[in-house]
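Reviewing the structure listed below.
Per chain, numbering begins at 1; letters A, B, ... match sequence-line order.
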Amino acid sequence: MLTLNHIREERDQIIKALSKRGLDVSESIDQIISQDKERRSLQKELDDTLAESNALSRQIGELMKSGKRNEAEEVKTQTAGLKAKSTELKDSMQSLEASMNELLYSIPNTPADIVVAGKSEEDNEVVSTHGEQVDLSDSCKPHWDLAKEKDIIDFDLGAKVTGAGFPFYKGKGAKLQRGLTRFFLEKAEEAGYLEYIPPHMINADSGFGTGQLPDKEGQMYHMENDDLYMIPTAEVPLTNIYRGSLVNSSDLPIKICGYTPCFRREAGSYGKDVRGLNRLHQFDKVEIVQIAEPNTSDAALDTMVDHVKGLLEALELPYRILRLCAGDMGFTAAITYDFEVWSAAQGRWLEVSSVSNFRTFQANRLKCRYKDADGKNQLVHTLNGSALALPRIVAALLENHQQDGDVVMPKALVPFVGFERI
RNA sequence: GGAGGUGUGACAGAGUGGUCGAAUGUACCGGUCUUGAAAACCGGCGUACCGCAAGGUACCGGGGGUUCGAAUCCCUCCGCCUCCGCCA
């Protein structure tokens, strides 16, 4: 969430930036500012009241010590009114804070300057396109048919055992998943990311820290008995490693990565979007995360974008990079680059990676700070990116690399999967 | 799951209900010394809010309570440790 200081100091700029998302937050912002002002004056009043009663308490202590019991009792009678007053002030302050927080939580991150205004994916900017984007829809099979024919992914079996959107990978299909995961992890390691295997469930505090809660509650699977959530992405456990911590600036940037399955309810999805591997309730992903100093986070984002580029090139897939418009970005992002691979048989682009800089938006919720050169504690910047999400990569590999009825593995992948063709 | 213990500043670790925002050590910053460094010595060193400042207030795992006054007592939740039970 935005910091109060920022809101106080940059009111107009924030409103202007968020208008790029198609939002008019001027009312909320002004309400926050006025509530904050009121909160401060209540705070002042409360502080004064407490100061007074602290002074009396000290006096009582001294009187007791010097044996003047009666005088002490006398002073005690004066404290009752102060106490009632402070309780009352504290209550109204708390309710004010609660309503202020509700407003704060409802305001998304401000888009970076370079991000264009826009409402939907139609307004996203294509930054670059790589590789040849051939339409093979006549000559090649969509991945769901091919997967069935080669018997490497079983959607029906998944539907029986669990439900739609939970496929079984089988034989070379399973090996392909395992090989891709290892390929991505080793590339991440080469790029300096420390590997973690995080928990696959998280608590509500973590969900709040990275911004899944409260507003995206319905997107996650919730274990009611234990009040835990299945992770929708490794971003959540990985970034929350640093929740509530003060990191040394000499340790920045922190670069970590991890493979996890990801669980998403995807309520309301339908049609060709969910066909085959296009959208699943459970899928595998390798995630990279950076915790960076504010003045280097833009450069860090560029290195993450380059990293993902390298992966897609090694896989010999045609892809393009989009800079999302303000309205299509996630709630917490200041700038996001999406990577899409060309699905030759479906004749459309499939999103396989999303790389974002959240700046201080998550850090503020996470309370993750570092000590700057002047010894002052400052919020860090957090960034993350998929590197990569597997299902649509698999779909694109199957569709783009068909040759004589087989699927030919890209060279770089062969040592990881252990075969050349499917 | 049962019994007991424990949770303090970046870290380690003291703390009889009033003088504790908190000893001490390490780390860190500044200085003296040194050709330089180390060591030694001196000084500084939590966060947030209000205030021009002096200063005030809050925070000792979270929440609640007792009390004029709570790091210190009580309740509760959470984490960690030990023992027992169960178990991949």
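Taking atom CZ of residue A:R243 and atom C1' of nucleotide B:G79, one finds them 12 Å apart after rounding to whole Å. Going from atom NZ of A:K76 over to atom C1' of B:G69 covers 9 Å, rounded to whole Å. Separating the CG atom of A:D227 from the C1' atom of B:C78 is a distance of 13 Å, rounded to the nearest angstrom. Rounded to a whole Å, the CD atom of A:E52 is 16 Å from the C1' atom of B:G55. As rounded to whole Å, 14 Å separates atom C1' of B:U57 from atom CD of A:E97. Remark: P of B:A58 and CG of A:L89 are 13 Å apart, rounded to the nearest angstrom. The nearest whole Å value for the distance from the CG atom in A:D205 to the P atom in B:G62 is 13 Å. Rounded to whole Å, atom C1' of B:A10 lies 15 Å from atom OH of A:Y242.
Side-chain contact check for A:R265 versus A:Y221: some heavy-atom pair is nearer than 4.5 Å.
Remark: the A:S53 side chain and the A:K83 side chain contain no N/O donor-acceptor pair separated by less than 3.5 Å. Side-chain atoms of A:E235 and A:Q362 form a donor-acceptor pair, as typed in the model, at a separation below 3.5 Å. In this model, no donor atom of one side chain and acceptor atom of the other lie less than 3.5 Å apart for A:E195 and A:Y259.
Side-chain N or O atoms of A:H401 include one that pairs as donor or acceptor with a backbone N or O of A:E316 at under 3.5 Å. A:E293 contributes no side-chain N or O that, together with a main-chain N or O of A:L252, makes up a donor-acceptor pair within less than 3.5 Å.
Residue whose closest nucleotide on RNA chain B sits further toward the 5' end, between A:L50 and A:Q94: A:L50.
With respect to A:R182 and A:E186, a salt bridge is recorded, a charged nitrogen being found less than 4.0 Å from a carboxylate O. A salt bridge links A:K76 to A:E73: one of the charged nitrogens lies within less than 4.0 Å of a carboxylate oxygen.
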Every protein N/O within reach of nucleotides 44-49 of chain B N/O, cut-off under 3.5 Å:
none

List, with names and distances, any nitrogen or oxygen atoms from the protein found under 3.5 Å away from nitrogen or oxygen atoms belonging to nucleotides 17-20 of chain B.
unit_1 : atom_1 : unit_2 : atom_2 : d
B:G18  : N2     : A:S57  : O      : 2.8
B:U19  : O4     : A:K65  : NZ     : 3.3

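Across all strands, A:N54 comes closer than 4.0 Å only to sugar-phosphate atoms, never to a base (heavy-atom distances).
The pairing partner recorded for B:C41 is B:G31, the criterion being a Watson-Crick or G-U wobble arrangement whose two distances lie under 3.5 angstrom. With a 3.5 Å ceiling on both atom-pair distances, the Watson-Crick or G-U wobble partner of B:G7 is B:C78. Remark: B:A58 base-pairs with B:U47. Criterion, Watson-Crick or G-U wobble with two distances under 3.5 Å. Pair assignment for B:A53 gives none, since no Watson-Crick or G-U wobble pairing has each distance under 3.5 Å.
Going from the P atom of B:G51 to that of B:A39 covers 44 Å, rounded to whole Å. For B:C20 and B:A71, the C1' atoms lie 8 Å apart once the distance is rounded to whole Å.
The phosphate of B:G69 (OP1 or OP2) has a side-chain N or O of A:K83 nearer than 4.0 angstrom.
A perpendicular orientation is assigned to the rings of A:F331 and A:F361, their planes being inclined by more than 60° (bins at 30° and 60°).
Under the salt bridge (Lys or Arg N to Asp or Glu O under 4.0 Å) criterion, A:E97 pairs with A:R39, not counting sequence neighbours.
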